[in-house]
**Student:** 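Pasting in a structure now, in structure tokens, and then I'll have a few things to ask.
Both backbone and side-chain heavy atoms feed into the values below; hydrogens, waters and symmetry mates do not. Along the sequence shown, residues are numbered consecutively beginning with 1. These numbers come from a predicted model, not from an experiment.
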Amino acid sequence: AQNTPTSTSTTQLPPSSSSSSSSSLKRDGEAVSFDLEEVENSPKRQKREENCQVCKTVIAKYTCPACEKRTCSLKCVNTHKKESECTGVRSTIHFIDLKDFTDKNLVDDYKFIEGGQRTADKALRNRDPHHLPHSLSQLQHIALLRHIHLSFMPNMMSK
């Protein structure tokens with residue numbers, strides 16, 4: 001039997017005759033239409049095209065993760081951090097009202113929980129070798145007497 005690759009494709013359909021600014025796409029066999037003017041004038045798009053909040057001359061390319069200030073260059077980022085004493089690190093513990101909660105906040109929370117799990121796993125992997133069970137400690141001591149350096153894998157690892 002031959003393996004045939006499957007893919008989800010998005011194809012553009014011809015624009016509808018009713019409105020020149022609307023367009024539609026076909027996704028998974030279902031037509032999806034949208035207004036091009038609405039996309040062009042969306043707050044997200046406008047936010048991307050605003051000027052740097054430090055030098056106010058060049059269109060901003062970067063957003064500070066901590067305070068969401070828009071900047072255009074490394075020079076402006078450093079100026080922003082120095083003038084406002086901003087760390088540039090997103091706060092993981094600030095309160096977000098449910099009406100302001102977005103998918104991005106959900107992803108941030110998930111990454112925060114994953115980071116905690118990674119820290120716990122790292123602590124288990126890097127346990128102190130002097131706190132081995134008595135039988136393993138004896139085996140390691142006997143090996144050392146025979147000039148053999150014996151190390152043990154963490155409990156969570158297997159060959």
**Student:** If you measure from CD1 on Ile113 to CZ on Arg118, what distance do you get to the nearest 0.5 Å?
**Tutor:** 12.0 Å
**Student:** Return yes when atom CG of Asp103 has more than 12 non-hydrogen atoms of other residues, nucleotides or ligands closer than 6.0 Å, and no otherwise.
**Tutor:** no
**Student:** Considering all heavy atoms of both residues, which atom of Lys69 and which atom of Gln53 are nearest to each other, and what is their separation?
**Tutor:**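 Minimum heavy-atom separation between Lys69 and Gln53: CG-OE1, 2.8 Å.
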**Student:** Do you know which two heavy atoms are closest between Asn51 and Thr57, and how far apart they sit?
**Tutor:**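 Result for this residue pair: OD1-O, 4.2 Å.
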**Student:** How long is the span from the CG atom in Leu98 to the CG atom in Asn105, to the nearest 0.5 Å?
**Tutor:**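 The distance works out to 10.5 Å.
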**Student:** Mind checking the CD-SG spacing from Glu50 to Cys72? Nearest 0.5 Å is all I need.
**Tutor:** 12.0 Å
**Student:** Please assess Ser73 against Thr71 for the test side-chain contact (heavy atoms from CB on, under 4.5 Å), listing each intermediate value before the final yes or no.
**Tutor:** CA-CA 6 Å; Ser73 64; Thr71 54; over 6 Å; no
**Student:** Give a yes or no answer on whether the side chain of Thr87 reaches the backbone of Val89 with a donor-acceptor pair at less than 3.5 Å.
**Tutor:**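 Such a contact is found between Thr87 side chain and Val89 backbone.
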**Student:** Is Ser137 reaching over with its side chain to a backbone N or O of Pro133, donor-acceptor style, under 3.5 angstrom?
**Tutor:** no
**Student:** Indicate the atoms forming the closest heavy-atom contact of His80 with Cys64, along with that distance.
**Tutor:**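 For His80 and Cys64, the tightest heavy-atom pair comes out as NE2-SG, 3.6 Å.
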**Student:** Using a 4.5 Å cut-off on heavy atoms from C-beta on, say whether the side chain of Asn78 contacts that of Cys76.
**Tutor:** no
**Student:** Please find the pair of heavy atoms, one from Ala143 and one from Leu150, that lie closest to each other, and give the distance.
**Tutor:**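 For Ala143 versus Leu150, the nearest heavy atoms are CB-CB, 4.0 Å.
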**Student:** Looking at every non-hydrogen atom in both residues, tell me the closest pair between Arg70 and Ala60 and how far apart they are.
**Tutor:**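 The pair with the smallest heavy-atom distance is NH2-O, 3.3 Å.
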**Student:** Is the number of heavy atoms from other residues, nucleotides or ligands within 6.0 Å of NE2 (His147) greater than 12?
**Tutor:**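 No.
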**Student:** Rounded to the nearest 0.5 Å, what separates atom CG in Leu144 from atom CZ in Arg146?
**Tutor:** 12.0 Å
**Student:** Within a strict 4.5 Å, meaning less than it, do heavy atoms of the Gln140 and Leu136 side chains meet?
**Tutor:**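 Not in contact.
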**Student:** Check this for me: Glu85, atom CD, are more than 12 non-hydrogen atoms of other residues, nucleotides or ligands nearer than 6.0 Å?
**Tutor:** no
**Student:** Which heavy atom in Val58 sits nearest to a heavy atom in Cys55, and how many Å separate them?
**Tutor:** N-SG, 4.0 Å
**Student:** If you count heavy atoms of other groups shown closer than 6.0 angstrom to CZ of Phe101, is the number above 12?
**Tutor:** yes
**Student:** Working to the nearest 0.5 Å, report the span between CG of Asp109 and NZ of Lys104.
**Tutor:** 10.5 Å
